[in-house]
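Single-structure report; data block below.
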Amino acid sequence: MSRRGSFLIIMSLAILISCQRSQIKENITFSPQEHLTQALEKLQAKKYNDAIKMFEEIIFNYPTTQWAVEAQYYLAEAYFQKKDYRSAITEYEFFINNFSTSQYLEDAYYKLAVCYLKTAPSIKRDLRAIQKSWEILETLQENFPNTKYADEIQQLKNEILGRWAKKYYDIGLLYYRGGEPEASRVYFNYVIQEYPNTQWANWSKFMIAQILQRKDSILQAQELYQDLLSDSLDPALRKLIQKQLAKISK
């Protein structure tokens, strides 16, 4: 190859490298404030993928700044609003572990608990995600005694308690249908004692009344049915109780 040809190749490579460096420089010299504002606008417009990309750019290019802290929280928020709860869990946990003094910490704890509850599989399969959600709610209440999420936390806890109660009620029902009423009664009593404020406590009382009725303990069954009717009941359960009382009266 001639000396002139070699020179042209070298110059071409130099120009290419220079252009690449210029492009990289453009990517990392944006105003973080403007970029964050634009990303938040994308998030508000529900353009989640665009917002996620822009939040990640701020975190990558300005990792030690306040802009990165805000971008990290809103990155998790973007996944949360997108209903990609597993990705949101990753980002909220990173935020909580690394920015424990942030003004968004309370919100991050609450949203993280919601995410775990949303990703919890069928209660018959696994309790770990639900247990994790409960633990996060407990931590939130400990760290923020006057939390603005007090009502929401109680609602989530009631839902978790209901799921736990449903698990044990279903086990009792399985034994009952399998012809083992006394074994089923153990689980129904457990639900009544441990989860008294859930709907499954009332369903468990109904099943115990069913067991008594089938054992010809009619008066005991009738008394339990009557007690149940004095409570605020699921309409379906109330209808079943009234049907059983009508049967007894005949």
- request: Quick one: sort the Trp200 and Tyr169 rings into parallel, tilted or perpendicular, breaks at 30° and 60°.
  value: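 Answer is tilted, since the angle falls between 30° and 60°.
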Not counting sequence neighbours, which residues clear side-chain hydrogen bond (donor to acceptor under 3.5 Å, both in side chains) with [X]? List them please.
| X | value |
| --- | --- |
| Glu223 | none |
| Tyr176 | Arg214 |
| Tyr116 | Glu93 |

message: With side chain to side chain contact (heavy atoms under 4.5 Å, CB included) as the criterion, how do Gln244 and Gln222 come out once you've worked through the C-alpha distance, each side chain's angles and the decisive distance to 0.1 Å?
response: CA-CA 9 Å; Gln244 292 304 317; Gln222 187 177 30; over 6 Å; no
Under the side chain to side chain contact (heavy atoms under 4.5 Å, CB included) test, residues paired with [X] that sit two or more places apart:
| X | result |
| --- | --- |
| Thr90 | none |
| Ala88 | Tyr79, Phe80, Tyr92, Cys115 |
| Gln155 | none |
| Phe99 | Val69, Gln72, Phe94, Phe95, Ser102 |

message: Using only atom types and a distance under 3.5 Å, with no angle test, would you say the side chain of Asp234 pairs donor to acceptor with the backbone of Ala236?
response: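 Present.
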If we only count heavy atoms from C-beta on, is the [X] to [Y] side-chain gap below 4.5 Å?
| X | Y | value |
| --- | --- | --- |
| Asn202 | Phe206 | no |
| Thr101 | Leu105 | no |
| Thr198 | Trp164 | no |
| Glu70 | Tyr104 | yes |
| Arg238 | Gln242 | yes |
| Leu140 | Leu112 | no |
| Glu77 | Tyr74 | yes |
| Trp134 | Leu161 | yes |

For [X] and [Y], which I'm curious about, is there any donor-acceptor pair between the side chains at under 3.5 Å?
| X | Y | value |
| --- | --- | --- |
| Glu106 | Thr147 | yes |
| Tyr225 | Gln213 | yes |
| Asp107 | Tyr73 | no |

Residues in salt bridge (Lys or Arg N to Asp or Glu O under 4.0 Å) contact with Glu138, at least two apart in sequence or another chain: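 Glu138: salt bridge (Lys or Arg N to Asp or Glu O under 4.0 Å) contacts with Lys157.
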message: The criterion is salt bridge (Lys or Arg N to Asp or Glu O under 4.0 Å); which residues satisfy it with Glu91, sequence neighbours excluded?
response: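 None.
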query: Going by the ring-ring contact (aromatic ring centres under 6.0 Å, His included) test, which pairs reach into residues 229-250, not counting sequence neighbours?
result: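 Checked against ring-ring contact (aromatic ring centres under 6.0 Å, His included) - neighbours excluded - no pair reaches residues 229-250.
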Going by atom type alone, with no hydrogens or angles, which donor-acceptor pairs under 3.5 Å involve a side-chain atom of residues 180-194 and a protein atom two or more places apart or on another chain?
from: Ser184; atom 1: OG; to: Pro181; atom 2: O; distance (Å): 2.6
from: Asn189; atom 1: ND2; to: Arg185; atom 2: O; distance (Å): 3.3

message: Please list all pairs meeting side-chain hydrogen bond (donor to acceptor under 3.5 Å, both in side chains) that have one or both residues in residues 37-56, counting only residues at least two apart or in different chains.
response: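 Matches after skipping sequence neighbours: Gln33-Thr37, Asn49-Lys82, Lys53-Glu57.
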